[in-house]
2 protein chains.
Amino acid sequence: MTTTAGEDIAHTLGLLLRRSTRTRLHARLTEGLGKAVDDLTYPVLSGLARTGPRSAADLGREVGLDRTTVSRRAGRLEQAGLLERRPDPDDRRATLLALTDDGHAVVTVTRQRLTDAVEDSLAGWPPAEARAFARLLHRFVGQGPFAAGDE
Amino acid sequence: MTTTAGEDIAHTLGLLLRRSTRTRLHARLTEGLGKAVDDLTYPVLSGLARTGPRSAADLGREVGLDRTTVSRRAGRLEQAGLLERRPDPDDRRATLLALTDDGHAVVTVTRQRLTDAVEDSLAGWPPAEARAFARLLHRFVGQGPFAAGDE
DNA sequence: GAGAGATGCGTGCCTTGAGCACGCTTATGA
DNA sequence: TCATAAGCGTGCTCAAGGCACGCATCTCTC
């Protein structure tokens, strides 16, 4: 049976986005980093790594969660020593969430593990195909049905 | 700054797998299909569509959920008329979860919407690149760090 | 400079969802 | 025929999310 490229890609994306696929990958990437780093709390770490210290409300707006939810997740990471709360020097009402050195290390390790896993799976590929795939994937995700755009 | 293909792909995958990305896509694909079809219950529908009628325990094993969890999700879909419970003709203890015609329609519509969205985003691509991307993505997901393999 | 409204955060409360344990029904095998 | 296993529903408990309230601080206007 013939399929169009769109059908084929849609089907493959379905597999990729499946919950079981994601949780397996997440478990693998964060193995041994402590139980505080789970699929709920890791986005807090990586969100802070991306932008530097900021408030729970700000981070919550980005990820679509209530600020109290972010704050409680941050609390678990704080207990694990991966994150600290510091008073905002410019606003004494505000509290900034900031990664500790250990917190940065967790993000670095996790990202490196993903990169390693990807490179392992590309090991047998002709370098030109790997680069072509990287380029096409980047373009697709940037403009595809996943781009934020409208909200 | 130069990046390897692996780094680039890993970074792009990070974006793709982000929760906000997924929930936005899910909302878009299931819009107007009734509130019973959410990100928790849809996998029940698609799981049944994939294999035909089967028990909650069986489906739960596949997706890594307790049978009671699957059964309760199925209950919501049943109330919405998307799914029905039928006695297993071969085992009077067992109950099979089976899609109704409406349930099949929901899965069909959702899949079609994903295909359409993908094809829209490929509209400006040279057909050869689209086909190449489909092929490379399929290969990557099949062998990459996402493949089940070890459990 | 002072007071009113706005903004930021923590905490209590309620709802939802997940999984476990128990009990009942039906299969299976000695 | 009876003991054991297997399947399912339901009650219970726990974790997590969001809302609302209260308090502290900021900002703007007069």
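All of these numbers come straight from a predicted model, not from anything done at the bench. Chain A is the first sequence line, chain B the second, and so forth, proteins listed ahead of strands; every chain is numbered from 1.
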Donor-acceptor contact present, side-chain R113(A) to main-chain L29(A), <3.5 Å: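 Between the backbone of L29(A) and the side chain of R113(A) there is a qualifying donor-acceptor contact (under 3.5 Å).
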Interatomic distance where [atom1] belongs to [X] and [atom2] belongs to [N] [whole Å]:
{"X": "R19(A)", "N": "dG17(C)", "atom1": "CZ", "atom2": "P", "answer": "13 Å"}
{"X": "D58(B)", "N": "dC8(D)", "atom1": "CG", "atom2": "P", "answer": "9 Å"}
{"X": "R73(A)", "N": "dT11(C)", "atom1": "CZ", "atom2": "P", "answer": "18 Å"}
{"X": "K35(B)", "N": "dG17(C)", "atom1": "NZ", "atom2": "P", "answer": "10 Å"}
{"X": "D39(A)", "N": "dA16(D)", "atom1": "CG", "atom2": "P", "answer": "10 Å"}
{"X": "D88(B)", "N": "dG7(D)", "atom1": "CG", "atom2": "P", "answer": "11 Å"}
{"X": "L59(A)", "N": "dC9(C)", "atom1": "CG", "atom2": "P", "answer": "11 Å"}
{"X": "D90(B)", "N": "dA6(D)", "atom1": "CG", "atom2": "C1'", "answer": "15 Å"}

From [options], pick the nucleotide closest to the side chain of [X]?
{"X": "R92(A)", "options": "dC8(D), dC26(D), dC9(C)", "result": "dC26(D)"}
{"X": "D66(B)", "options": "dG19(C), dA16(D), dG7(D)", "result": "dG19(C)"}
{"X": "D91(B)", "options": "dC9(C), dG18(D), dT26(C)", "result": "dT26(C)"}
{"X": "L40(B)", "options": "dG17(C), dG9(D), dT25(D)", "result": "dG17(C)"}

Between S71(A) and R93(A), which residue's closest nucleotide on DNA chain C lies nearer the 5′ terminus?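 That would be R93(A).
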Give a yes or no on whether L82(A) and L59(A) share a hydrophobic cluster (residues Ile, Leu, Val, Met, Phe, Trp, Tyr; joining criterion: side-chain heavy atoms under 4.5 Å apart).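 Hydrophobic grouping puts L82(A) with L59(A).
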Assess whether one donor atom and one acceptor atom, taken from the side chain of [X] and the base of [N], lie less than 3.5 Å apart.
{"X": "R72(B)", "N": "dG9(D)", "answer": "no"}
{"X": "R67(A)", "N": "dG10(C)", "answer": "yes"}
{"X": "R54(A)", "N": "dG8(C)", "answer": "no"}

Salt-bridged, E78(B) to R73(B), with N to O below 4.0 Å?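 A salt bridge is absent here (no side-chain N lies under 4.0 Å from a carboxylate O).
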Below 4.0 angstrom, N of the basic side chain to O of the carboxylate: do R18(A) and E62(B) qualify?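 Salt bridge absent between R18(A) and E62(B).
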Could you tell me how the ring of F140(A) sits relative to the ring of W125(B): parallel (under 30°), tilted (30 to 60°) or perpendicular (over 60°)?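 Answer is perpendicular, since the angle exceeds 60°.
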Students often get this wrong, so: under 4.0 angstrom with heavy atoms, is T68(A) touching a base, only sugar-phosphate, or nothing?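 Base, at least one base atom sits under 4.0 Å.
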Does one side chain, of T68(A) or D66(A), offer a donor that lies under 3.5 Å from an acceptor on the other?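 A donor-acceptor contact under 3.5 Å links the two side chains.
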Straight-line distance of R19(A) CZ to T21(A) OG1, nearest 0.5 Å: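 Nearest 0.5 Å value for the CZ-OG1 distance: 11.5 Å.
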In degrees, rounded to 10°, what is the bend between the two ends of the helix from dG1(C)-dC30(D) to dA30(C)-dT1(D), using five pairs at each?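 If I round to tens, the end axes sit 10° apart.
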For H26(B) and V37(B), which heavy atoms make the closest approach, and how far apart are they?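 That closest heavy-atom pairing would be NE2-O, 4.4 Å.
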Would you say S55(A) places a side-chain N or O within less than 4.0 Å of OP1 or OP2 belonging to dG8(C)?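 No, S55(A) has no side-chain N/O under 4.0 Å of OP1/OP2 on dG8(C).
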